[in-house]
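Okay, so here's the structure we're looking at.
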Amino acid sequence: MIDIEHPILSVVIPIYNVEDYLDKCLESIIIDDARVEYLLIDDGSTDGSKLIAKEFLKKVHNAYYFFQENSGVATARNKGLKNAKGKWIFFVDSDDHTSQDFVKNMLKLLPSLSSSDLLTLPIKKMIGNREFILQDGMDSLSIDDFSTEIVRGKKQLGVWAYIFNTEILRKYKLFFKDGILFEDQYFVPKYLNHVKTIKQVSGLRTGYYYYCFRKTSFTNSDLNYNKIIAKFIAESSRNKILLQIGKTKKTINIINENYIDIYFRAYVDMLKINRIDKAKEKRTSANEIIKKIRSCPRFKTIVKIVLLNLPLPIFMGILKLKK
């Protein structure tokens, strides 16, 4: 007999002014099954999102609607986390969607994954009508291998790319930081600090979560100084935690090498917004990091090291040619 009071999976869906996408999201992911509950957190929407969400409440018996004054996605996710009853928590962005039967297939798998602390999901990125696999895999991953895949971009840092163990989240009081940008960069590494076993879920078994790339989203919008700094701080904080939990010299060297990527990206972005003074600061710091690398860097990193040390007028010319 299914225990309605204790579902296996809690799906938390923050909602804010997504009337153009919400119907597709909910249609793909909501099933009327007591083993899963849906927590729809309306973050003060002013469009038709509320009506769409409430229509879905009429169709099923396991979806719940919460309204809050506009406070941001972190606060909305935290409200869902606090109200979740499931053994596992899955955070979904309301402008994304999943393959048909994705949740149904996950429910079949979850009992066999009960000893895992973190599940990595199969992810496809959609740009218009084109789709690309961002994340997929089978079998288990060590913490070191997972950390390496994060810094090399083979694993995503969006929380929608994972299913989390509720007991770990509650035991260590892990919540999203309110009022900061790139909050996922902080959340996933902190959770990883308490993980022993990681299991990859294959798209062949479940279908995919579709991350829908939109130029209008904040993450993909035009550069500005505050956004560049916020991203730099978030990525540096991520690497600091990964270095603390890394166990092998190889992993530590890879993470240290990734600092060059972080500084190089900030250097380029500062040049793009004409903050030459700040760009020079990042270049100086990057050269200090380079001295700490104890292994031969990858070719891509070597190229970035060369570009960092080109005379500024020459590098600025290269950037103009790329536009």
Side-chain angles (χ1 to χ4, degrees), residues 1-13 28-39 62-63 77 80-81 83-93 96-124 133-150 154-176 184 187-211 242 245 247:
M1 182 176 177
I2 296 171
D3 186 352
I4 298 176
E5 291 299 314
H6 297 91
I8 298 172
L9 179 65
S10 296
V11 181
V12 176
I13 310 174
S28 72
I29 205 164
I30 289 184
I31 59 173
D32 198 2
D33 187 319
R35 293 174 297 172
V36 56
E37 64 170 1
Y38 299 91
L39 297 95
N62 56 338
R77 285 172 175 167
L81 203 166
N83 286 278
K85 298 177 182 177
K87 172 181 170 57
W88 300 95
I89 295 186
F90 178 24
F91 297 99
V92 172
D93 280 2
D96 294 336
H97 60 275
T98 67
S99 299
Q100 200 68 32
D101 295 331
F102 183 84
V103 170
K104 188 180 291 185
N105 292 332
M106 279 303 312
L107 289 172
K108 292 176 184 176
L109 285 179
L110 286 174
S112 66
L113 301 171
S114 60
S115 60
S116 302
D117 297 326
L118 179 65
L119 307 180
T120 78
L121 299 178
I123 309 294
K124 283 187 176 181
I133 293 178
L134 280 184
Q135 175 174 298
D136 206 347
M138 301 176 69
D139 304 320
S140 300
L141 270 181
S142 69
I143 303 298
D144 279 77
D145 286 343
F146 181 76
S147 298
T148 298
E149 293 202 356
I150 280 182
K154 294 180 180 180
K155 285 287 182 283
Q156 303 304 298
L157 269 170
V159 291
W160 34 263
Y162 304 98
I163 290 181
F164 300 89
N165 185 299
T166 309
E167 184 179 352
I168 292 175
L169 292 171
R170 298 260 169 81
K171 180 178 180 179
Y172 296 101
K173 298 180 173 60
L174 299 176
F175 293 97
F176 294 89
D184 293 10
F187 186 84
V188 175
K190 283 188 176 180
Y191 182 86
L192 193 61
N193 223 354
H194 307 289
V195 165
K196 293 180 180 177
T197 55
I198 301 171
K199 179 70 176 179
Q200 300 180 97
V201 176
S202 169
L204 294 173
R205 303 188 72 181
T206 60
Y208 288 86
Y209 179 100
Y210 288 88
Y211 158 61
L242 295 180
I245 60 180
K247 293 182 172 64

Inter- and intrachain pairs under salt bridge (Lys or Arg N to Asp or Glu O under 4.0 Å), touching residues 155-172, at least two apart: Glu149-Lys155

Check Asn165 against Tyr191 and note the closest heavy-atom contact, atom names and distance. N-OH, 2.9 Å

So, using side chain to side chain contact (heavy atoms under 4.5 Å, CB included) as the criterion, who are the partners of Thr206 when residues are at least two apart? Phe102, Asn105, Met106, Leu109, Pro122, Val201

Gap separating the CZ atom of Phe90 from the OG1 atom of Thr166, nearest 0.5 angstrom: 13.5 Å

Is there side-chain contact between Ser99 and Tyr209, with at least one heavy-atom pair below 4.5 Å? no

Side chain to side chain donor-acceptor pair (under 3.5 Å) partners for Tyr162, two or more places apart: none

Would a 4.5 Å heavy-atom cut-off, applied to side chains only, mark Ile13 and Phe91 as touching? no

Interatomic distance, CD1@Ile89 vs CG@Leu81, rounded to 0.5 Å, equals 4.0 Å

Quick one: salt bridge (Lys or Arg N to Asp or Glu O under 4.0 Å) partners of Asp93, sequence neighbours excluded? Arg77

By salt bridge (Lys or Arg N to Asp or Glu O under 4.0 Å) - contacts of Lys87 (at least two apart): none

Could you check if a side-chain atom of Asp33 sits within less than 4.5 angstrom of a side-chain atom of Leu107, using non-hydrogen atoms only? yes

Taking side chain to side chain contact (heavy atoms under 4.5 Å, CB included) as the test, write out the residues that go with Ala63, two or more places apart. Tyr38, Leu57, Val60

Is there any salt bridge (Lys or Arg N to Asp or Glu O under 4.0 Å) pair reaching into residues 98-114, and which pairs are they, with sequence neighbours excluded? Asp101-Lys104

For residues 134-143, please give each side-chain donor-acceptor pair under 3.5 Å, one per line with the distance, not counting sequence neighbours.
from, atom 1, to, atom 2, distance (Å)
Gln135, OE1, Gln156, N, 2.8
Gln135, NE2, Leu121, O, 2.9
Gln135, NE2, Ala161, O, 3.1
Asp136, OD1, Gly203, N, 3.0
Asp136, OD2, Tyr208, OH, 2.7
Ser142, OG, Asp145, N, 3.0
Ser142, OG, Asp145, OD2, 3.3

Of all residues at least two apart in sequence or in a different chain, which pass the side chain to side chain contact (heavy atoms under 4.5 Å, CB included) check with Ser116? Trp88, Leu113, Leu119, Thr197, Lys199

Gap separating the CG atom of Leu39 from the CG atom of Asn83, nearest 0.5 angstrom: 6.5 Å

Is the shortest side-chain heavy-atom distance between Phe164 and Asp117 below 4.5 Å? no

Search all heavy atoms of His194 against all heavy atoms of Leu174 and return the closest pair with its distance. CD2-CD1, 3.9 Å

Nearest 0.5 Å please: distance from the NZ atom of Lys196 over to the CD1 atom of Ile168. 9.0 Å

Under the side chain to side chain donor-acceptor pair (under 3.5 Å) rule, collect the residues that match up with Ser10, sequence neighbours excluded. Glu37

Under the ring pair (Phe, Tyr, Trp, His ring centres under 6.0 Å) rule, collect the residues that match up with Phe175, sequence neighbours excluded. none

Would you say Ile163 and Thr120 make side-chain contact, with heavy atoms under 4.5 Å? no

Phe146 and Leu118: CA distance, side-chain angles, deciding distance, side chain to side chain contact (heavy atoms under 4.5 Å, CB included) verdict: CA-CA 11 Å; Phe146 181 76; Leu118 179 65; 4.0 Å; yes

Looking only at heavy atoms, what is the nearest atom pair of Asp184 and Gly158, with distance? OD2-CA, 3.2 Å

Would you call Val92 and Val12 a side-chain contact if the rule is heavy atoms closer than 4.5 Å? no

Using side-chain heavy atoms (C-beta onward) and a distance below 4.5 Å, is Leu192 in contact with Leu242? yes

Atom CG in Asp96, atom CH2 in Trp160: separation rounded to 0.5 Å? 7.0 Å

I'd like to check the salt bridge (Lys or Arg N to Asp or Glu O under 4.0 Å) partners of Lys154; sequence neighbours left out, ordered by chain and number. none

Taking the side chain as every heavy atom from C-beta outward, state whether Leu9 and Val11 have any atom pair closer than 4.5 Å. yes

